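Below is one structure, written out as structure tokens, with a few remarks after it.
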Amino acid sequence: MKSQDYNPKKIETKWQKEWEKKKIYKTADAGKKFYALVEFPYPSGDGLHVGHPRPYIGMDIIARKKRMEGFNVLFPMGWDAFGLPTENYAVKTGLHPKIVTKKNTDNFRKQMKMLGFSFDWSREVNTTDPEYYKWTQWIFLKFFEKGLAYKAKSAINWCPSCKIGLANEEVISGNCERCGGLTEKREKEQWMLAITKYADRLDKDLDLVDYPERVKIQQRNWIGKSEGSEIEFKINPTPAPPKGEGEFGYHTTDSKTWKVLQGRVLEMRKNATEAEDILWQSLRKNLMGYHFRRQQIIGNFIVDFVCLEKSLVIEVDGDIHDYQKKEDGERTEFLKQRGFQVVRFRNEEILSNISGTLEKIEEHLKALPFGEGLGGVKVFTTRADTLFGVTYVVLAPEHELIKNLKLKITNYNEVEKYVEEVKNKSELSRTNTSEQKTGVELKGIKAINPANNEEIPVWVADYVLPQYGTGAVMAVPAHDERDFEFAKKFNLPILEVVVPDRVDFKNPPQRGKKNIPRRTVQVVLRRPSDGKIIILHWKHNSWKTLIIGGVENGEDLLQAATREVQEETGYKNIKFIKKLGDMYAEYFASHKNENRRAYATGFLFDIIDEEKNKISIEEKSKHEPVWLSVEQAMKIVIGVEPPIFLTRLEQNSWFYDGEGTLINSNSFVGLSSKEARKKITEFVGGKIVTKYKLRDWIFSRQRYWGEPIPLVYCENCAKQTCQPGRSTCLNAGWVPVPEKDLPVKLPDIKNYKPTNTGESPLTAIEKWVNTTCPTCGGKAKRETDTMPNWAGSSWYYLRYCDPENNKEFASQKKLDYWMPVDWYNGGTEHTTLHLLYSRFWHKFLYDLKLVPSSEPYKKRTSHGLILGENGEKMSKSRGNVINPDGIVKTYGADTLRLYEMFIGPFDQDAPWSTESIIGVRRFLERMWRVALLAKDFFGPRVALRAQPDTQKSSANSAILEKLLHKTIKKVGEDIEKMSFNTAISAMMILMNEMEKSNKVTIKDYKIFLKLLSPFAPHIAEELWQRSQTSKKSPKSDFKSIHLESWPEYDEAKIKDKEVKIAVQINGKTRTELAVPADITKEQVCVKALELPAVQKWLAGRNPQKTIYIPGRILNIVV
RNA sequence: GCCGAGGUGGCGGAACUGGAAUACGCGUCAGCCUUAGGAGCUGAUGUCCGCAAGGACUUGUGGGUUCAAAUCCCACCCUCGGCACCA
């Protein structure tokens, strides 16, 4: 007998037929259930490559094991067959996509069957089958019914080469996911699904499911939940223009007069009466939210107070202003003409009853319509605590306010030009953060910071995105990188309002750097002495090392600094040539093009006794890093404030985007960022809101090969439901196709070519398009857009539960039994696509009480890719595709299955290596041989080889039994962890020992066959059946190994009685020692000290300490 | 830039609840077998020094903690995947 007798080709097809005939994988609908799911493939014309089966094999192993453990397992397969490649192929060849799909699925099925998967093929589904997409359409109509499907004009991502609109999820940094071409923005009417309505639950419910952490994180990032405040900034016209510019659009006069008047204004402000002062202090506090100015020039006059939004003038009459009295009549007349109302108060009235005065003013304000006030702009911010640091407001170029204020914006031409430029910029260059920021100020208007009533400029800039938040931001250049850059470039003021907190020394941040404030440095102190040097190794937006050193004999400061840095960092070409304040800059510059490996070290010191407000530096024997804020570090070394670095900061050379304590914020000074966010939002009348990055799902595609959207448009109905001026016109005129008329089938057409106008090829089929309205019976047109590929896959796992049902998408009873999916394996590339979409659909169906669980998948795992032999992603265009057919032909399906599982960790990518396959094939041949070695296999044992080295083998029956039980344990546990590679390795070890031992019993061998059967089902079945034939005839009572029970191990048999321990001297292994497993430490020590090797290494010294790790190590320290 | 995964022999990888690093497999070398090639079988195989016994070094880099570190801590470098001006 020879190993060549193992003929995979013969046995594999034999058993595949037999299993199919006996229907051993047919699923029942009762018992202890286990639903194992893999992503169903898109059946492309190229067939499977070796990467495809990897996840199927993995889940097949799990499904098989679960079956052997007595579960009723649902492990189905189907086809996600709508999609572009098939359609493109149809365009090219004129073949109907249906035919192409049939051909492709037949091929895929054949290939899969060749690999021996235990799919229940009786439950196969196909998304392009009208009986299937009937229910896809039905679910869509439910979305429509509930108002979650709506048609909206939106800028969509358009791929000019595929001629198709793409969902945001399908655009990869500005490029089309399929063809890689650049996408552009196009305005188009599209069907949308309101996935954003579920954003919060899609985020929150991730807590309920067992997904890999990275998948959860990626979904959370994609949903992009952020809590913040919405705050309104009032917009006013600019009051006083710069000299000489004030003619049109302002209330002021020519520049000459303005100058004279302005002089008088200043004088008046200086000599304000007590009453004026009191009133101003009240008015400036933003009375009722309106903004007042004092001593405002209007025409040739100066008014005391004015609220421009309401065109209300307030005059205070007193003796000091008597010289103006003669003008008053004339002035009131002028103001009336300009639309101002004038209210007068006397000094005494204000002084005696300020609250009464304010009440009167409020009444006037309430009564008046909005005048010159220009409304407001809402901004969204997560950092309301920095509101006092807002020095300008920025609008997205698309912001409607810009158009609305066309007449008020004095440089509208310039603004318009800028907006146009931005529109023509590609998405890519617009979101390119490395490019310099651009923008234009909107002249003629100002925004009012609601926190302090300051007037601040309004800008338009494309770094503000229209889709997120409100399309407008409040800019806080001191505390935001983008605002900082922008402010630097356009010379806008920077005001610091948050300072980082000091580090709490009792609880310093220790693990990781997550909770360490940004402006914190690790301090490494080195021989502090009188002549101090401090160097902050400070990286952009991050933090690095602080080096502190002393001046040695004869050195000046610069030489000492140079030496210190060279010593500490190894940067040999750094030289300090300027005074202390510039050292940092010099160092930073040279650091950039240097080898950054070296890192400062030195003696470490414990720092600071804060309570005594005295700094004490003490050397400690243990080397622990110490965390300090920059300020603290400065204080230690220089002892006085302000240190160099802070001076630079105050000159606006840096920003701080962390949290901390408020400064420069009126009554909020001293609050923490967290508290201040709430209180300031409240103070300015803003509200706390939650925003998401997630956007609604663009659900229409202008292509043929997809599910038709089951709606018709009826103009008659549109007129009836939608009266002009009413806002209820959403989806007006769109009428759902009645349930009884579903499915709306795709018509057969000849030309599948998409049009350049972006319309579906279906538009041309007039017979199909023109129909009657189900509601009014009048003329109506069908929707010609189809659904995206992600539609059918969003619910397919439900259909598997009840694939033949033609009354419901699946019966409640069966859904109750099978759902949720117990284990779903798929690719990471679907994390923000299919996985998110199907969770959304499922939650929607759950809300309609149509499915029993709020989440579709209890557990999700993902597999790594199999790369080409060159380590690149396997693809036709790279020419590195390996076809499984050839591999199966040469080596057999079992070998391929084993190899793909042995290649590396299941969840990691691994390069294919045809050369290495032979290893697992040899393993199968070896086990085949050993089967024939096993006692009683075919009657008396056949000695296969005369082994000259048999005596070398130590494997006696007891050892073999122990190993067998260890292997049972390991294989079982590894399958659950998807550590298939180590499971196989364990079986190889067992087999190597079995072969050597010559003492294999049929009983043990059969246990091994069970362990192997999920991995290599064919060879396991063949040998299993052969082992049965020795006693019985095979055909009489065939029972597949795959329906046998999974073996159990005996914990007692795994325990070692005698163990080898390593004997170490000072942590280095010098020899080993065999001892009973339950030996005490004392006994081990005695034995060990007798060993010659130990004697040698001790060299007469006495052990100081011994450490014994039972069964493993004895370490003797001298 | 941010988030995530990873870096161990010539290669895929194992060990990561701190306890003998390199299991298992590929490749390579030597031997057996064979008319030959292939396949198969047996043995060796981290690096350096050494005739050998033996010793030293070694898990991306530099430090630290520990009797003991691939594993824990700090910093840095590189590769891959995702996001990318998200206020």
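Letters A, B, ... are given to chains in the order of the sequence lines, protein chains preceding strands, and every chain is numbered from 1. Nothing here was measured: the structure is a model prediction, and the numbers come from that model.
Note: NE2 (H479(A)) to C1' (A87(B)) measures 14 Å, nearest angstrom. Atom CD1 of I223(A) is separated from atom P of C3(B) by 19 Å (rounded to the nearest Å). Atoms CD1 (I217(A)) and P (G4(B)) sit 5 Å apart, rounded to a whole Å. Note: NZ (K873(A)) to P (G81(B)) measures 8 Å, nearest angstrom. We find that OH of Y891(A) is positioned 12 Å from P of C26(B), with the value rounded to whole Å. Following rounding to the nearest Å, F906(A) (CZ) and A14(B) (P) show an atom-to-atom distance of 14 Å. To the nearest angstrom, P of C86(B) lies 7 Å from CG of D480(A). Summarising the geometry, the separation between CD on Q467(A) and C1' on A84(B) is reported as 13 Å, rounded to the nearest angstrom.
Checking C29(B) for Watson-Crick or G-U wobble geometry (two distances, each under 3.5 Å) identifies G43(B) as its partner. Pair assignment for U17(B): none, as no Watson-Crick or G-U wobble contacts are both less than 3.5 Å. Of the nucleotides present, none pairs with A36(B) by Watson-Crick or G-U wobble criteria with both distances under 3.5 Å.
Regarding contacts with the backbone of G25(B), every side-chain N or O of R921(A) stays at 4.0 angstrom or more from both OP1 and OP2. Contact check, R929(A) against C41(B): a side-chain N or O comes under 4.0 Å of OP1 or OP2. The phosphate of G25(B) has OP1 or OP2 within less than 4.0 Å of a side-chain N or O from N992(A). Applying the 4.0 Å criterion to OP1 and OP2 of G55(B), one finds that W1097(A) has a side-chain N or O inside that range. At the phosphate of C86(B), neither OP1 nor OP2 sits under 4.0 Å from any side-chain N or O atom of R220(A). Taking 4.0 angstrom as the limit, R1070(A) places a side-chain polar atom (N or O) nearer than this to OP1 or OP2 of A56(B). Put simply, K1068(A) has a side-chain N or O that comes within less than 4.0 Å of OP1 or OP2 on C57(B). A sub-4.0 Å separation between OP1 or OP2 of A68(B) and a side-chain N or O of N1066(A) is absent. When the side-chain nitrogen and oxygen atoms of S226(A) are compared with OP1 and OP2 of A87(B), one or more of them lie within a distance under 4.0 Å. Here R1112(A) does not reach the OP1 or OP2 of G18(B): none of its side-chain N or O atoms lies under 4.0 Å away.
You'll find the ring centres of F980(A) and F902(A) outside the 6.0 Å limit. Residues Y899(A) and W912(A) bring their aromatic ring centres within 6.0 Å.
Taking only side-chain atoms of I1109(A), from C-beta outward, the nucleotide of G40(B), G19(B), C85(B) with the closest atom is G19(B). Taking every side-chain heavy atom of K1105(A) into account, C67(B) is the closest of A87(B), G27(B), C67(B). Comparing C86(B), C26(B), C24(B) against the side chain of L465(A) picks out C86(B) as the nearest. Among the nucleotides G12(B), C67(B), C26(B), the one closest to any side-chain atom of F902(A) is G12(B).
Judged by distance alone with a 3.5 Å cut-off, a donor-acceptor contact links the side chain of K437(A) to the base of C85(B).
The side-chain tip of K691(A) points at the ring of F380(A) from less than 6.0 angstrom away and within 45° of straight on. K225(A) forms no cation-pi arrangement with Y692(A), by the criterion of a distance under 6.0 Å to the ring centre and an angle within 45° of the ring axis.
Residue contacts shown for E1072(A) include a base, since a base heavy atom lies under 4.0 Å away. Residue contacts for S916(A): at a heavy-atom cut-off of 4.0 Å it reaches the sugar-phosphate backbone alone, with no base atom in range.
R926(A) and N992(A) form a side-chain donor-acceptor contact under 3.5 Å, judged by distance and modelled atom types alone. A side-chain donor from one of D696(A) and T196(A) sits under 3.5 Å from a side-chain acceptor of the other.
Side-chain atoms of S673(A) and R383(A), non-hydrogen and from C-beta on, do get closer than 4.5 Å to each other.
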Heteroatom pairs (N/O) under 3.5 angstrom, protein to nucleotides 5-10 of chain B:
none

